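Worksheet for the structure shown next.
On a predicted model such as this, the values are computed, not experimentally measured, just so you know. Counting from 1, the numbers follow the sequence of the chain as shown.
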Amino acid sequence: MTDAIISVSGLAKSFGDRAALRDVSLTVPRGELLGLVGPNGAGKSTLLRTLIGLVRRTRGRVDVMGHDPATQSLAIRHRACYLPGETGVYHQMTGQQFLDFALGFYPRHWQELRARLQAAFELPLQRKVRTYSAGMKQKLAIMATLIPDVELYLLDEPDRALDASMRFFLRDVLLVCKNAGKTIVLSSHHLSEVETLADRLVFLLDGAFVPPERLAAARASLRRRPRVRLRAGASLPPGARELLREPDGTLVVSTDGDPMQWLRSVPDGVVESAEVGIPRLEDLYAVLLHDTAPGGSA
């Protein structure tokens, strides 16, 4: 049997009349990098905060490394690190003081990774955190989260406020952690980047997991909806219908058959650029909203 580091069954959480999580079930085996994807307000942050014990569930069963986060959160936090979606660092401290404080809660540190992060981030650790930019604060929070040598990392939008080069660097760092046998639950808005990194991807919508077959159908539908940019003054060639015109002039179209065959039939010079088979998170969300309510297991 798979050694599950996280086991959730029938989890629900409500804030007053608003249901943030609805009948969520999830099993994460030890050593897996799980990608948690969904639009804002889907419940991703609430789920992570419930796993670490910062939010008490309304009902359901949650087990994290043999502990119930509702009553044994301290035992979990000794063996797990959590990076919140909104960076929380103490502005009155220097960067070094904050690191010393945050890392002091953990007996074992990953020194090789620490050196790698420090070299790449180049943070002015002797300066007060209040002088840091948003990206610098995020880098400091990432260091405080990944340097401890623990079993489980819960990362809520870790690439927030990072530029493209730092996002790619962070992806490499997370691969190092994954290859070292660490368990990672990674929440992100960047679908394509998470997809290349994760062992498995789950999609959260309106507080519940979307069943894999429903997600596969939505993605198949999007593969028949290429994005094209036409030459100035050109009309959309026959065999396709305009579904959406984006602010930059890009058209989302639906083709009668295979979109690649349609593109091959288009006269030269009509289409300046095309994007086929690359679903975006907002596109998946839009397609799924037209379907029935999502299910709750993964």
Heavy-atom closest contact (Ser188 atom, Asp159 atom, distance): OG-OD2, 3.8 Å
Arg225 side chain vs Val252 backbone, donor-acceptor pair below 3.5 Å: no
Donor-acceptor contact below 3.5 Å, side chain Arg56 vs main chain Ala70: yes
His91 backbone acceptor or donor facing Lys128 side chain under 3.5 Å: no
Nearest atoms (heavy-atom pairs only) where Trp110 meets Ala180: CH2-CB, 3.6 Å
Parallel, tilted or perpendicular: ring planes of Phe101 versus Phe105, cut at 30 and 60 degrees: perpendicular
Distance-only check: which donor-acceptor pairs under 3.5 Å involve side-chain atoms of residues 262-272, not counting sequence neighbours?
unit_1: Trp262; atom_1: NE1; unit_2: Pro238; atom_2: O; d: 2.9
unit_1: Ser265; atom_1: OG; unit_2: Trp262; atom_2: O; d: 2.6

Interatomic spacing from CD1 in Ile5 to OG1 in Thr183 - rounded to 0.5 Å: 3.5 Å
Set of residues satisfying salt bridge (Lys or Arg N to Asp or Glu O under 4.0 Å) with respect to Glu112, sequence neighbours excluded: none
From CA spacing to verdict: side chain to side chain contact (heavy atoms under 4.5 Å, CB included), Leu117, Phe169: CA-CA 9 Å; Leu117 291 170; Phe169 168 75; 3.8 Å; yes
Side chains of Tyr132 and Val89 in contact at under 4.5 Å (non-hydrogen atoms): no
Minimum-distance pair of heavy atoms, taken over all atoms of Leu51 and Ile76: O-CD1, 4.0 Å
Side chain to side chain contact (heavy atoms under 4.5 Å, CB included) between Arg227 and Glu246, worked out: CA-CA 10 Å; Arg227 278 182 163 80; Glu246 297 182 341; 2.8 Å; yes
Any side-chain heavy-atom pair of Met136 and Val129 under 4.5 Å: no
More than 12 heavy atoms of other groups within 6.0 Å of Arg241 CZ: yes
Side chain to side chain contact (heavy atoms under 4.5 Å, CB included) against Asp17, all qualifying residues, sequence neighbours excluded: none
Heavy-atom side-chain contact between Glu157 and Ser45 under 4.5 Å: no
Rounded distance (nearest 0.5 Å) linking atom OH of Tyr153 with atom CG of Leu174: 10.5 Å
Side-chain donor/acceptor of Lys13 to backbone N/O of Arg57, under 3.5 Å: no
Any donor-acceptor N/O pair, Thr50 side chain to Thr46 backbone, under 3.5 Å: yes
Any donor-acceptor pair under 3.5 Å from Arg160 side chain to Gly85 backbone: yes
Spacing of Lys137 atom NZ and Arg130 atom CZ [to the nearest 0.5 Å]: 10.5 Å
Residue that, paired with Leu83, satisfies side chain to side chain contact (heavy atoms under 4.5 Å, CB included) out of Leu154, Ile142, Leu146: Ile142
Same apolar cluster (I L V M F W Y, side chains within < 4.5 Å links), Leu244/Val228: no
Min side-chain heavy-atom separation Arg49-Tyr82 under 4.5 Å: yes
Shared hydrophobic cluster, Val253 / Leu222 (ILVMFWY, side-chain heavy atoms < 4.5 Å): no
Same apolar cluster: Val194 and Leu175, side chain cutoff 4.5 Å: yes
Non-hydrogen side-chain atoms of Cys177 and Leu113 separated by less than 4.5 Å: yes
Joint cluster assignment, Met93 & Phe121, ILVMFWY side-chain distance < 4.5 Å: yes
Which atom of Gly53 lies closest to which atom of Ser73, heavy atoms considered: CA-CB, 4.0 Å
Non-hydrogen atoms of Thr145 and Pro148 that approach each other most closely: O-CD, 3.5 Å
Whether over 12 other heavy atoms sit under 6.0 Å from Gln111 CD: yes
N/O donor-acceptor pair under 3.5 Å between Lys44 side chain and Pro39 backbone: yes
Inter-residue atom distance Arg22.CZ - Arg59.CZ, 0.5 Å rounding: 10.0 Å
Euclidean distance, Ile184 CD1 relative to Cys81 SG, rounded to 0.5 Å: 11.5 Å
Basic-acidic side-chain contact under 4.0 Å: Asp68, Arg61: no
Student check: side-chain heavy atoms of Glu275 and Thr250 closer than 4.5 Å: no
Residues which pass side chain to side chain contact (heavy atoms under 4.5 Å, CB included) with Gln96, listed by chain and number, not counting sequence neighbours: Thr94, Leu99, Asp100, Arg114, Leu125, Gln126
Gap separating the CG atom of Leu201 from the CG atom of Leu34, nearest 0.5 angstrom: 7.5 Å
Test item: Pro212 and Arg200 side chains (from C-beta on) under 4.5 Å apart, heavy atoms: no
Qualifying residues under salt bridge (Lys or Arg N to Asp or Glu O under 4.0 Å), relative to Lys178, sequence neighbours excluded: Asp199
Hydrophobic cluster identity match, Leu204 and Ile52, side-chain contacts under 4.5 Å: yes
Test log, rule side chain to side chain contact (heavy atoms under 4.5 Å, CB included), inputs Leu288 and Leu215: CA-CA 8 Å; Leu288 290 166; Leu215 186 57; 4.3 Å; yes
Backbone N/O of Asp248 and side chain of Arg229: donor-acceptor pair under 3.5 Å: yes
Salt bridge (Lys or Arg N to Asp or Glu O under 4.0 Å) partners for Arg79, two or more places apart: Glu151
Side chain to side chain contact (heavy atoms under 4.5 Å, CB included) between Ile6 and Leu152, worked out: CA-CA 9 Å; Ile6 296 172; Leu152 172 65; 4.1 Å; yes
Sub-4.5 Å side-chain heavy-atom contact between Val185 and Leu47: no
Smallest separation among heavy atoms of Val24 and Ala208, with atom names: CG2-CA, 4.2 Å
